[in-house]
Every structure is written in structure tokens, then in C-alpha cells.
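Remember, it's 1-based here, ligands and their atoms both numbered in the order they're listed. Small disclaimer: the values here were computed from a predicted structure and weren't measured.
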Amino acid sequence: MTTSAPGAAGLADHWALLGLAVEAGREAAQLVRDRRPHGRVEVAATKSSDTDPVTEIDRASESLIRDRLLTLRPDDGFVGEEDLTVEGTSGVEWVVDPIDGTVNFVYGIPAYAVSIAARRDGEVVAGFVVNVADRREWGAVLGGGAHRLDGTRRPIVAPDPPAVSGLLVATGFGYDPEVRAAQGRSVAQLLPQVRDIRRMGAAALDLCALADGSVDAYVERGLAIWDHAAAGLVATEAGCVLSGLDGSPDQRLVMGAHAAVAEEFFALVRACDF
Ligand code: LIP
């Protein structure tokens, strides 16, 4: 992920974009809370595979976010998980996951999030993530740090990690059966070489947990940009390093760890054939 330092005007612009993401994200989180019935949520359709659900509430959340942001900034672009893509002309593009952790949402496991990132000229400059179920919030601006935003705003600095053999590693599995099988083989290689693995079910929350120090490292293959754009900035602004297999994080691989162990962890991930 790029780490260019913005000037004062650039930083003010990033904070302004974060402010809009926070407003729209909180409103969407409220919608998701209000509309979620007790028990299991009905799946409206499936996407990339039979296990990849979309609900009417995902769609409503994405529409709300798009309407709020593009009403205020009609020249911006928009890319969302549920396909509401809009080409913009301003150089700013919003990257939105209206519910990250949809399977958790469907089952009522309290780990699903609204995630909103702003990219300027292709670079993520602001990101907001809210865990809908417990209302914890994370925000970051490029060059301005990572912060918890629920309650009083407070900076986040990822704590010093243990040695690689002591890392608690978050991971996830995609919806494509073949990719899952490969992920399972890689995790089987990684597991004996670290403290343990966690699969919590929402990539955005995994990356915020990395920033917070609730886990020490993260690796996943097959993520879409809306899964990691906002939370990836939270993690890097908190002092972590994010990488892809060779270069920037991408659909092939997203891995992250505290800067102190990043290179060693990334080498281990590569050795495990992720
Ligand atoms: C999901 C994640 C999950 C990951 C899946 C998927 P969705 O996003 O965040 O942790 O393992 O690959 O991308 O579909 O719930 O928005």
C-alpha cells in the first residue's frame, strides 16, 4: 500500500472524506441493525458460488451509502460489492462493502461490518469500518493515523508483536471451492508454525483486529478490494505492513503484520504456498 505523505491541504481533504464516510457508514449500520430480524436472515440470492450470499439488507445498505455520498459529491465514482458501480470525474472513488461478513450477518454471529474507503487517484486516503453488531468503529486517514471512533476518538498503535512462532494469525476462506481447498492446504502448513489461527468471518474486522493487536498477523487469498480497502488503511496507519504475494495487496493475496515481524511472516506465508 502506498505511503506518500500528504501536505496540510491534502490531510484536511482526507479528514473531510473520512467525515463523510463516518456519517454514511453510521447511518448504514443503523439501517442494518433496524432491519435485521431475529434469527436467521433470508438470503435473497447467491453470487460467486452457492455459499456466497446476498441479502436485501446488503443491497439497501449499499444504496443508502451511495445515495448519501454521491448526493454530497456527485462527481465522485463509486464501487460497491453489490454492483452499484458509478464512474466519476473528480478523481475520488468510494469503495464500499455494505456488509462485510455476510455469512455472520445471516446467522447472527456478531461480527459483521460496514466498510467505506475513499480513494483519490487510485490511492486509499480515508477508511471507516464499523462493526454493526457491537458498534465499535475504526477510522484512518493517509498520513493522519488510525483511530477508534466509537466514544472519544483515540489513536491506535499496533502493539509490539511476539516472534513469528508466537503469532496469532487471522485468516479467511473465499467462496470458490477450489480456492478454499488450496487455502485449507496452506493453513495446514502454517498452523504448526505459529501460535494459532482465527477465522472470524469478516476481513475488514480481521484487519482492524490487526491494528488493535487483537491478532498479530493476517493472511487471505481471494479478497475483493471492498473487503480490505478501508481496514487496510487502518492497519497500515496503526504501524502494520500490508503486502500482496509480490507487491501491493490484491485479489491474489493480502497479508499483513506489525512492521517488526512483517518480512519474516511474509516469507513464512510464501513458504506455505498461499
Ligand atoms: C467475506 C469476508 C470473509 C472472507 C470472504 C468474504 P463478504 O466478505 O470478509 O472474511 O473470508 O472471502 O470476502 O462476502 O461477507 O462481504
Worksheet item: Would you call Arg119-Glu93 a salt bridge at under 4.0 Å N-O?
Response: yes
Practice prompt. Using heavy atoms and a cut-off under 4.0 Å, could you grab the residues that are in contact with ligand 1, chain by chain, numbers ascending?
Written response: Glu81, Asp97, Ile99, Asp100, Gly101, Thr102, Gly172, Phe173, Gly174, Tyr175, Arg199, Gly201, Ala202, Ala203, Glu220, Asp227
Fill in: Residue list, ring-ring contact (aromatic ring centres under 6.0 Å, His included) with Phe274, at least two apart or on another chain
none
Item to complete: Indicate yes or no: at least one non-hydrogen side-chain atom of Asp196 is less than 4.5 angstrom from one of Leu191.
Response: yes
Worksheet item: Who passes side-chain hydrogen bond (donor to acceptor under 3.5 Å, both in side chains) against Arg199, sequence neighbours left out?
Response: none
Fill in: Partner residues of Asp75 under the salt bridge (Lys or Arg N to Asp or Glu O under 4.0 Å) criterion, sequence neighbours left out
none
Practice prompt. Would you mind reporting whether Val179 and Arg221 have side-chain heavy atoms less than 4.5 Å apart?
Written response: yes
